[in-house]
Amino acid sequence: MHPSSVGQTTNFLSQRARSSLRNTSNALWDVLNDLWHPQLNPSGFVTLGVADNPLLQDQLLRRLKSNYNPLERHLCLGDSITGSDRLKCAVADFLTTHFQPSRSLESSHIVATNGVASAIEHCSWAMCDPGEGVLVGRPYFRGFSRDICLRPGVNLVPVSFGDVDPVTIPAVSKYEEAIISSYERGCSIRAIMLCNPHNPLGRCYSRSFLTELMKLCQKYHIHIISDEIYALSVWRQGMDGTATMEDFTSVLSIAKEGLIDPKLVHALWGVSKDFGANGLRLGFLISQNNPDLLESVRGVAQYSSISGLADYTATAFLEDKEFVDAYVKHNREKLAASFNHVTAFLDLHEIPYARGSNAGFFVWCDLLTAYMRLQHPDLAADSKLERSKALTERLAQCKVHLGVGDDFGGEEPGWYRITFSQHRDLLDEGLRRILLALRS
């Protein structure tokens with residue numbers, strides 16, 4: 001190629017940058033820049049599609065304002081690029097209390113990052129070479145496709161379950177089938193990525209499931225990474241009348257001896273969800289038995305380092321055990337009430353949803369079935385995909401923003417993720433607009 005033509009064909013960007021352009025959408029930011037307010041912007045978007053939890057932000061802010069005294073050192077680099085030792089000690093103590101690890105956590109087991117997304121990307125980069133794969137069960141957190149793939153050049157390999165419940169032991173065989181078929185296609189699997197509690201299903205994996213999955217990982221010598229960012233956002237069991245549900249079990253709480261090489265087991269956590277603090281941008285990679293992994297991440301940690309003020313802020317409230325215990329209890333009560341409010345609405349209007357949830361911020365619901373019942377009762381099943389796209393457009397016209405199932409690798413069209421961890425006035429306005437879209 002003649003040098004003078006290079007700029008014309010590449011638009012002065014690398015191939016990976018052009019790939020990033022194809023994976024970038026401004027739709028969310030358009031929503032967030034036009035948010036509904038009952039008085040100031042009544043025609044704005046109601047978003048029930050972002051994984052945030054403002055229910056107790058007023059309590060967290062009061063706690064921070066009551067004793068917020070950062071020092072000059074908090075404006076400097078600090079004692080480590082991966083979080084101060086004081087922060088990591090606070091996190092180790094906090095997680096030891098609430099995750100009940102089989103052996104106590106130490107600060108040396110933890111790397112702090114500017115959000116769990118960065119920790120996921122670090123795992124993908126450190127565990128996989130470009131072109132290798134990470135298994136993720138469907139439906140999955142939509143950010144996995146970005147965090148695992150975009151810069152590391154790693155493949156997200158989705159696992160389909162069909163009629164098998166994806167959080168039960170029979171689902172483990174589906175992971176093995178995916179490992180084998182992926183190898184046959186020339187893609188080596190290096191890790192299995194879980195979100196526990198599950199996003200978007202809102203359920204916890206049982207200890208027996210995690211044990212069987214660890215056995216599978218040991219069989220094929222692959223890592224298990226458990227994103228446990230919703231670990232404390234679990235409420236009373238059996239809320240929707242189903243059988244008793246699983247409580248949260250951390251992979252850290254399972255003794256590894258005779259089960260799996262402990263170097264293959266890793267957990268992630270952050271303050272974004274359990275403490276309603278997405279804006280703090282603070283996550284943690286926890287690996288108790290793989291110092292080489294943590295050291296490799298420290299080598300590139302400059303690109304995910306946290307600010308001194310975020311470090312100080314999180315340390316201040318995590319060390320306050322009385323505040324944390326009260327906050328967690330109150331947060332669970334608020335989440336349960338919001339969940340019950342939304343599911344009562346769905347039941348009233350005969351909108352199907354995935355049962356058995358008792359964790360996280362979401363209801364995974366089948367709006368397409370309700371839409372077709374109201375608008376197209378004689379429509380053939382093979383038209384579902386087309387009608388699902390029409391419904392998504394109609395929801396946007398009604399200015400209600402939801403998580404669209406296709407973005408989560410949903411196995412059937414027409415499923416949506418509703419975030420219920422919102423204040424009641426916003427939640428009711430969003431539900432009203434959903435009903436408007438279904439009926440119009």
Side-chain angles (χ1 to χ4, degrees), residues 23 49 51 116-117 120 123-124 128 132-150 154-185 187 189-206 209-210 212-213 216-217 220 222-230 246 251 268 352-357 359-369 381 384-385 388-389 391-392 402-419:
N23 286 279
V116 171
I120 295 169
C123 288
S124 182
C128 310
E132 294 182 324
V134 174
L135 290 186
V136 177
R138 302 170 68 183
Y140 49 77
F141 164 52
R142 59 187 167 190
F144 283 161
S145 58
R146 173 198 62 227
D147 305 337
I148 291 170
C149 307
L150 190 56
V154 173
N155 295 315
L156 183 151
V157 180
V159 180
S160 299
F161 300 101
D163 295 332
V164 175
D165 188 333
V167 301
T168 60
I169 290 177
V172 174
S173 64
K174 298 295 185 179
Y175 283 97
E176 183 163 26
E177 290 172 10
I179 292 171
I180 294 170
S181 63
S182 185
Y183 274 117
E184 291 173 348
R185 294 193 306 270
C187 176
I189 298 300
R190 298 301 305 275
I192 294 175
M193 183 88 206
L194 297 179
C195 189
N196 183 30
H198 194 289
N199 172 8
L201 296 181
R203 296 169 64 189
C204 299
Y205 290 98
S206 67
F209 174 92
L210 295 171
E212 292 302 312
L213 199 65
L216 181 68
C217 289
Y220 291 97
I222 60 179
H223 297 268
I224 179 170
I225 311 161
S226 183
D227 177 356
E228 301 180 349
I229 197 168
Y230 297 98
E246 295 293 339
V251 293
L268 312 173
Y353 59 94
R355 303 279 172 164
S357 300
F361 306 161
F362 318 112
V363 176
W364 184 243
C365 61
D366 180 6
L367 296 183
L368 182 60
T369 292
K384 276 190 171 184
L385 183 59
S388 177
K389 293 178 180 178
L391 175 56
T392 297
L402 304 177
V404 180
D406 291 347
D407 297 337
F408 295 82
E411 295 190 47
E412 292 289 336
W415 287 77
Y416 294 80
R417 190 191 74 173
I418 296 177
T419 302

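Pairs passing the salt bridge (Lys or Arg N to Asp or Glu O under 4.0 Å) check and including a residue from residues 132-144, sequence neighbours excluded, read Glu132-Arg190.
Residue Val157 comes nearest to Gly133 through the heavy atom pair CG2-CA, 4.2 Å, listed as atom of the first residue, atom of the second, then distance. Tyr183 and Ile189 make their closest contact through OH-O, 3.5 Å (heavy atoms, listed as atom of the first residue, atom of the second, distance). The two residues Asn196 and Ser226 have their closest heavy-atom pair at CB-OG, 3.8 Å. In terms of heavy atoms, Glu246 sits closest to Ser206 at CD-CB, 3.4 Å.
Of the possible donor and acceptor atoms, one in the side chain of His198 sits under 3.5 Å from a partner among the backbone N and O of Pro139. At least one donor-acceptor pair closer than 3.5 Å links the side chain of Glu228 to the backbone N or O of Val251. Although no hydrogens or angles enter the test, the distance criterion places no donor-acceptor pair under 3.5 Å between the side chain of Thr369 and the main chain of Asp366.
Aromatic pair Tyr175/Phe161: ring centres closer than 6.0 Å. For an aromatic pair to be called close, the ring centres must be under 6.0 Å apart, and Phe362 with Tyr230 satisfies this.
Applying side-chain contact (heavy atoms from CB on, under 4.5 Å) to Ser124 and the options Asp147, Leu150, Ile148 leaves one that passes, Ile148.
Taken to the nearest 0.5 Å, the CG atom of Leu156 stands 6.5 Å off from the OG atom of Ser145. From Ile222, atom CD1 reaches atom CG of Leu216 across 6.0 Å, with rounding to the nearest 0.5 Å. Here CG of Leu201 is found 8.5 Å from CG of Asp165. Values are rounded to the nearest 0.5 Å. Between the SG atom in Cys187 and the CG atom in Leu135 there is a gap of 8.5 Å [rounded to 0.5 Å]. Considering CZ of Arg417 and CG of Asn199, their distance stands at 5.0 Å, rounded to 0.5 Å. Separation of atoms OG (Ser388) and CG (Leu368) is listed at 5.5 Å; rounding is to 0.5 Å.
Ser173 meets the side chain to side chain contact (heavy atoms under 4.5 Å, CB included) test with no other residue; sequence neighbours excluded.
By the 6.0 Å and 45° rule, Arg203 does not stack over the aromatic ring of Tyr205.
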For the pair Phe408 and Trp364, evaluate side chain to side chain contact (heavy atoms under 4.5 Å, CB included) and give the outcome as yes or no after the intermediate values. CA-CA 11 Å; Phe408 295 82; Trp364 184 243; 4.0 Å; yes

Between Phe209 and Val167, does a side chain to side chain contact (heavy atoms under 4.5 Å, CB included) hold up when you go through it step by step? CA-CA 7 Å; Phe209 174 92; Val167 301; 5.8 Å; no

How far apart are the C-alpha atoms of Met193 and Phe141, what are their side-chain angles, what is the distance that settles it, and do they pass the side chain to side chain contact (heavy atoms under 4.5 Å, CB included) test? CA-CA 10 Å; Met193 183 88 206; Phe141 164 52; over 6 Å; no

